[in-house]
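See structure below.
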2 protein chains.
Amino acid sequence: MGDTADGLQPVPEPSLDEQIAVYQREFQDLDPQVEKVVSALSRLNRRMNVAYGRQTAALGISNAEWEVLKALVISGAPYRMGPSELAKQLGLTPAAMTHRIDRMTAEGLVTRERDESNRVRVIVELTAGGRSKWLDAMRAATIFEEDLLQDLSTEERGVLGDMLTRLLDRVEDLQSRN
Amino acid sequence: MGDTADGLQPVPEPSLDEQIAVYQREFQDLDPQVEKVVSALSRLNRRMNVAYGRQTAALGISNAEWEVLKALVISGAPYRMGPSELAKQLGLTPAAMTHRIDRMTAEGLVTRERDESNRVRVIVELTAGGRSKWLDAMRAATIFEEDLLQDLSTEERGVLGDMLTRLLDRVEDLQSRN
DNA sequence: TCTGAAGACTTCACAGCTAAAGTTCGACGC
DNA sequence: GCGTCGAACTTTAGCTGTGAAGTCTTCAGA
């Protein structure tokens, strides 16, 4: 018996267009143009996360930890944020944030201390080591990202960034009105 | 003392451009155009997953389960796949797939049986109920997706789909060569 | 000053994933 | 035939996340 043992084909991974063609057969009122955009977005993101994951793993941190480092750097000097603030930005529950900060503190990437001027609050602060890890990850990431966009001209990059920003505004708008 | 208790601002969520501006201060050789594209992609995807999650939750299934239903439908009639095939497509380990199939079998979304022609293999098959859930989720999803893209003209949608597809091809190429 | 309410974080119980070891079956060489 | 290898799935242990309850602190009003 050959490759296809009756019920199960190998199916390595259907191409985007194949996938959409099947969807159209199964679900008539589907706009293939819309579906192509959202399917590509979703696949692209999964692939990119895999790529980032490999890079951060090579640096001895996890993708999750890199997210925290990024948020702290983005907050600007002196690189301090509260756990719930971090949690909100990363889309996590405060409980998960507590655990992540535990781990990152143990690894020396951040410090955690009580805010003495308001003892309910906790201040998470980036350490020099954490900042240096961020830099390393950033260098690797930008190389990958430049590589990813290499086939797009400068104009195309601008157009793409603009359209994605508009989608982002739109989805934030949709979500704020519940 | 006002809003800003020394070290901690409220910072609801920095806009994309604010974020990139800070990045540029902290990391000189950053191409803001590239960064805008990748940051928008990442944020957009997170928001979209939240939206999908709400919709599938309203139907009584999880996002994870919806992914499985989609893969089975995409495989075409008779909607059968092996666990490891599914795992590969969804980017999961076989172990995770086993658990998901356990749950989905218990919920009547799929059936699991041994392939009698090759008793090492297992066949996961979509049930009528599972197919109907897929349809419900699909209806909700297309409404949301159409809504999301509403500000883009038909031409723009085409251009966006095309550019994203090129990025996808590129990232797959980068990953296949390890 | 005391009390109640609200906010910020942590703790607890549990769900879902990964990595690695285990099980079962089929294929191949002797 | 028989033993071994390899493939496909499952099982187990441990990690990371969620939701809900708990603790500690601050603030406003009696």
Side-chain angles (χ1 to χ4, degrees), chain A residues 1-11 46 49-50 53-54 56-57 61-68 80-107 110-125, chain B residues 1-3 5-11 46 49-50 53-54 56-57 60-68 80-107 110-125:
Chain A
M1 226 162 283
D3 263 324
T4 60
D6 198 71
L8 288 179
Q9 290 87 351
V11 180
R46 191 163 33 189
N49 283 336
V50 170
R54 286 183 190 166
T56 52
I61 62 177
S62 71
N63 247 338
E65 290 170 335
W66 188 39
E67 295 289 330
V68 176
R80 303 163 140 223
M81 295 177 76
S84 45
E85 220 181 318
L86 278 167
K88 226 170 282 176
Q89 275 195 28
L90 304 187
L92 295 178
T93 60
M97 211 56 237
T98 295
H99 296 319
R100 269 198 202 178
I101 295 169
D102 286 348
R103 299 192 291 272
M104 294 180 71
T105 301
E107 292 163 1
V110 300
T111 58
R112 166 162 48 190
E113 56 183 89
R114 278 211 173 272
D115 182 345
E116 286 307 327
S117 72
N118 180 346
R119 297 186 41 71
V120 174
R121 290 173 180 260
V122 168
I123 298 179
V124 178
E125 181 171 338
Chain B
M1 228 164 276
D3 264 325
D6 198 70
L8 289 179
Q9 290 87 352
V11 182
R46 190 159 37 188
N49 282 337
V50 170
R54 286 183 189 166
T56 52
I61 62 178
S62 71
N63 246 339
E65 289 169 337
W66 189 38
E67 294 290 330
V68 177
R80 302 163 142 226
M81 295 177 76
S84 44
E85 221 181 316
L86 278 167
K88 225 169 281 175
Q89 276 195 27
L90 304 186
L92 295 178
T93 61
M97 210 56 237
T98 295
H99 296 318
R100 271 200 200 176
I101 295 168
D102 286 347
R103 299 191 291 273
M104 293 179 72
T105 301
E107 291 163 2
V110 300
T111 58
R112 165 161 49 188
E113 58 183 270
R114 281 213 170 269
D115 182 344
E116 286 309 326
S117 72
N118 180 346
R119 297 186 42 73
V120 174
R121 290 174 178 257
V122 169
I123 298 178
V124 178
E125 181 171 337

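Each chain gets a letter, A, B and so on, in the order the sequences are listed, and its residues count up from 1.
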Quick one: side-chain hydrogen bond (donor to acceptor under 3.5 Å, both in side chains) partners of A:Asp102, sequence neighbours excluded? A:Arg112

Using whole Å, what does the distance between atom [atom2] of nucleotide [N] and atom [atom1] of [X] come to?
{"X": "B:Met81", "N": "D:dC9", "atom1": "CE", "atom2": "P", "value": "11 Å"}
{"X": "B:Lys88", "N": "D:dC9", "atom1": "NZ", "atom2": "C1'", "value": "13 Å"}
{"X": "A:Ile123", "N": "C:dA8", "atom1": "CD1", "atom2": "C1'", "value": "13 Å"}
{"X": "B:Leu90", "N": "C:dC17", "atom1": "CG", "atom2": "P", "value": "10 Å"}
{"X": "A:Ile101", "N": "C:dT10", "atom1": "CD1", "atom2": "P", "value": "6 Å"}
{"X": "B:Trp66", "N": "C:dG16", "atom1": "CH2", "atom2": "P", "value": "19 Å"}
{"X": "B:Leu86", "N": "D:dC9", "atom1": "CG", "atom2": "C1'", "value": "13 Å"}

Could you tell me which residues satisfy side-chain contact (heavy atoms from CB on, under 4.5 Å) with A:Ala87, sequence neighbours excluded, listed by chain and number? A:Met97

Expected string for nucleotides 13-26 of chain D under the B/S/- scheme (protein heavy atoms, under 4.0 Å, primed atoms plus P, OP1, OP2 as sugar-phosphate) is ---SSBB-----BS

Any non-hydrogen side-chain atom of B:Pro83 less than 4.5 Å from a side-chain atom of B:Ile101? yes

I want to check something: taking the side chain as every heavy atom from C-beta on, are B:Leu86 and B:Val124 in contact at a cut-off of under 4.5 Å? yes

How far does CD1 of B:Ile123 sit from CE of B:Met81, to the nearest 0.5 angstrom? 12.0 Å

Does a side-chain N or O of B:Arg112 approach OP1 or OP2 of D:dT10 to a distance below 4.0 Å, or not? yes

Measure across B:Arg114 and B:Arg119 and return the closest heavy-atom pair with its distance rounded to 0.1 Å. NH1-O, 2.6 Å

